[in-house]
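Remarks on the structure that follows.
Remember, it's 1-based here, ligands and their atoms both numbered in the order they're listed. Below, each value reflects all heavy atoms present in this structure, side chains not excepted, and no hydrogens, waters or symmetry copies.
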Amino acid sequence: MSNKNTDFDPNAKEQELRSESEQWDTSKPEDAKPDDIPTIDLEAYFTTGADEDLAVAAEQLRIACEETGFFSIVGHQVSSEDLNDTFEQVRQFHALPIEQKSQILMDRPDWPVGGMGYLPLKNRKLPARETGNANEAFIIKCDDKLGMDDNQWPDAAWLPEFRAQVERYAQQMETLGKRMLPVYARALDMPDDFFDKAFINPLYRLRMTHYPAVKPDPENAFGIAPHVDTSYCTILAQDRPGLSVFSERRKVWVNAPVVKNSFIVNTGELLKQWTNDRFLSTRHFANNNTGSESRYSIPFFFNANPHHVMSCIPSCCSDENPAKYPPISYAQSQGVVQGE
Ligand SMILES: O=C(O)CCC(=O)C(=O)O
Ligand SMILES: [Fe+2]
């Protein structure tokens with residue numbers, strides 16, 4: 001086993017991904033076929049914890065992560081009531097007057113932590129792209145040092161239930177992410193607790209995005225511009241169609257269906273690197289919402305402890321297949337360059 005002795009340059013990586021993404025022809029997405037985004041049912045494993053149920057889920061996850069990079073999960077044990085209540089609060093947040101939302105603007109000079117708060121419509125951040133992002137979002141971020149109180153929140157007088165519901169949901173997503181770690185570990189032929197230490201104080205971001213119905217506009221050609229996620233994995237809830245994903249198997253863009261009470265999960269760049277490119281980090285975008293109704297989506301970006309150094313997972317490298325990436329932590333990664 002060896003690691004290349006080149007330093008990882010997060011700025012160069014961000015530039016590379018950005019210029020690559022500008023070459024992608026996203027003009028003709030088709031409807032997804034059933035195995036473009038396979039479904040994994042976690043109910044049996046989450047209920048019994050049995051070894052054979054873990055083995056079944058892990059094998060499905062391995063195939064999905066190696067071949068498609070995106071899959072959908074059911075049986076995740078997050079209640080549909082809680083999901084619906086969260087969407088309702090997010091709708092109410094985005095219905096606030098812009099003057100109120102602007103008081104908690106992301107990256108405003110008088111707030112000590114960047115990358116959290118309100119991101120206005122047609123922003124050029126996350127991802128940073130020329131033809132941008134016809135969406136507005138509210139983002140919270142937590143890690144070993146940042147707690148809920150360090151985030152920007154709307155005034156409780158405007159939305160009395162918002163903060164408690166968002167905190168409850170974020171907690172559920174963190175629990176779900178951690179419950180999935182043994183499935184990832186088994187899929188990679190590692191001991192079931194392999195990832196546990198790396199995720200004691202995981203860094204996560206919860207993004208509550210509103211894609212308003214907009215007129216076609218070449219300056220803002222996407223709901224969210226084509227990109228790959230920088231995360232370990234992302235767990236996305238959505239209320240209507242709009243997400244398009246590149247099928248690595250068929251080499252076409254496909255429109256992801258919305259399956260009730262499911263989440264869509266995808267691998268991000270950090271897990272791709274940690275697995276020495278064994279797991280795909282698949283390109284995707286949200287289309288410009290030219291329909292008549294708003295779309296809402298809530299991605300949860302799940303990462304290891306910010307300073308956990310991710311050296312190539314032993315089952316993913318060998319003398320014949322040396323590690324392609326130097327070991328890095330989230331804090332040294334391209335995610336940080338993007339201002340995440
Ligand atoms: O809203 C969606 O469907 C996708 C959002 C997304 O890709 C992101 O926020 O990274
Ligand atoms: Fe994404």
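Residue-ligand proximity, F301 to ligand 1, at heavy-atom distances under 4.0 Å covers atoms 8 (C), 9 (O), 10 (O). When each atom of ligand 1 is checked for a heavy atom of S297 under 4.0 Å away, the hits are 1 (O), 2 (C). Listed by number with element, the atoms of ligand 1 under 4.0 angstrom from any heavy atom of H284 are 7 (O). Of all atoms in ligand 1, listed by their number and element, those nearer than 4.0 Å to a heavy atom of P299 are 9 (O).
For the residue pair R168 and Q171, no side-chain donor N or O sits within less than 3.5 Å of a side-chain acceptor on the partner. Counted by atom type alone, T230 and E269 present zero donor-acceptor pairs between their side chains at under 3.5 Å. Side-chain polar atoms of N135 and R207 form a donor-acceptor pair below 3.5 angstrom. Looking at N303 and H308, their side chains never bring a donor and an acceptor atom within 3.5 Å of each other. Under the 3.5 Å distance criterion, with hydrogens and angles disregarded, a donor-acceptor pair is assigned to the side chains of D277 and Y325.
Distances from ligand 1 to the non-hydrogen atoms of G242 include no value under 4.0 Å. In this structure, D229 has a heavy atom closer than 4.0 Å to ligand 1.
For atom 10 (O) of ligand 1, the closest non-hydrogen atom on the protein side is H227 NE2, 3.0 Å. Nearest protein heavy-atom contact of atom 5 (C) of ligand 1 is Y211 OH, 3.6 Å. Distance from atom 3 (O) of ligand 1 to its nearest protein heavy atom, with residue and atom name: R295 NH2, 2.8 Å.
At the Fe ion (ligand 2), the angle from OD1 in D229 to NE2 in H284 is 90° when rounded to 10°.
Aromatic ring centres of F194 and Y184: separated by at least 6.0 Å.
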Does the pair N266 and D229 meet the rule for a side chain to side chain donor-acceptor pair (under 3.5 Å), with working shown? CA-CA 8 Å; N266 65 284; D229 288 350; 3.2 Å; yes
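Between W24 and W253, the ring planes are tilted. Angles from 30° to 60° get that label.
At a heavy-atom distance under 4.0 Å, only side-chain atoms of L236, from C-beta outward, approach ligand 1.
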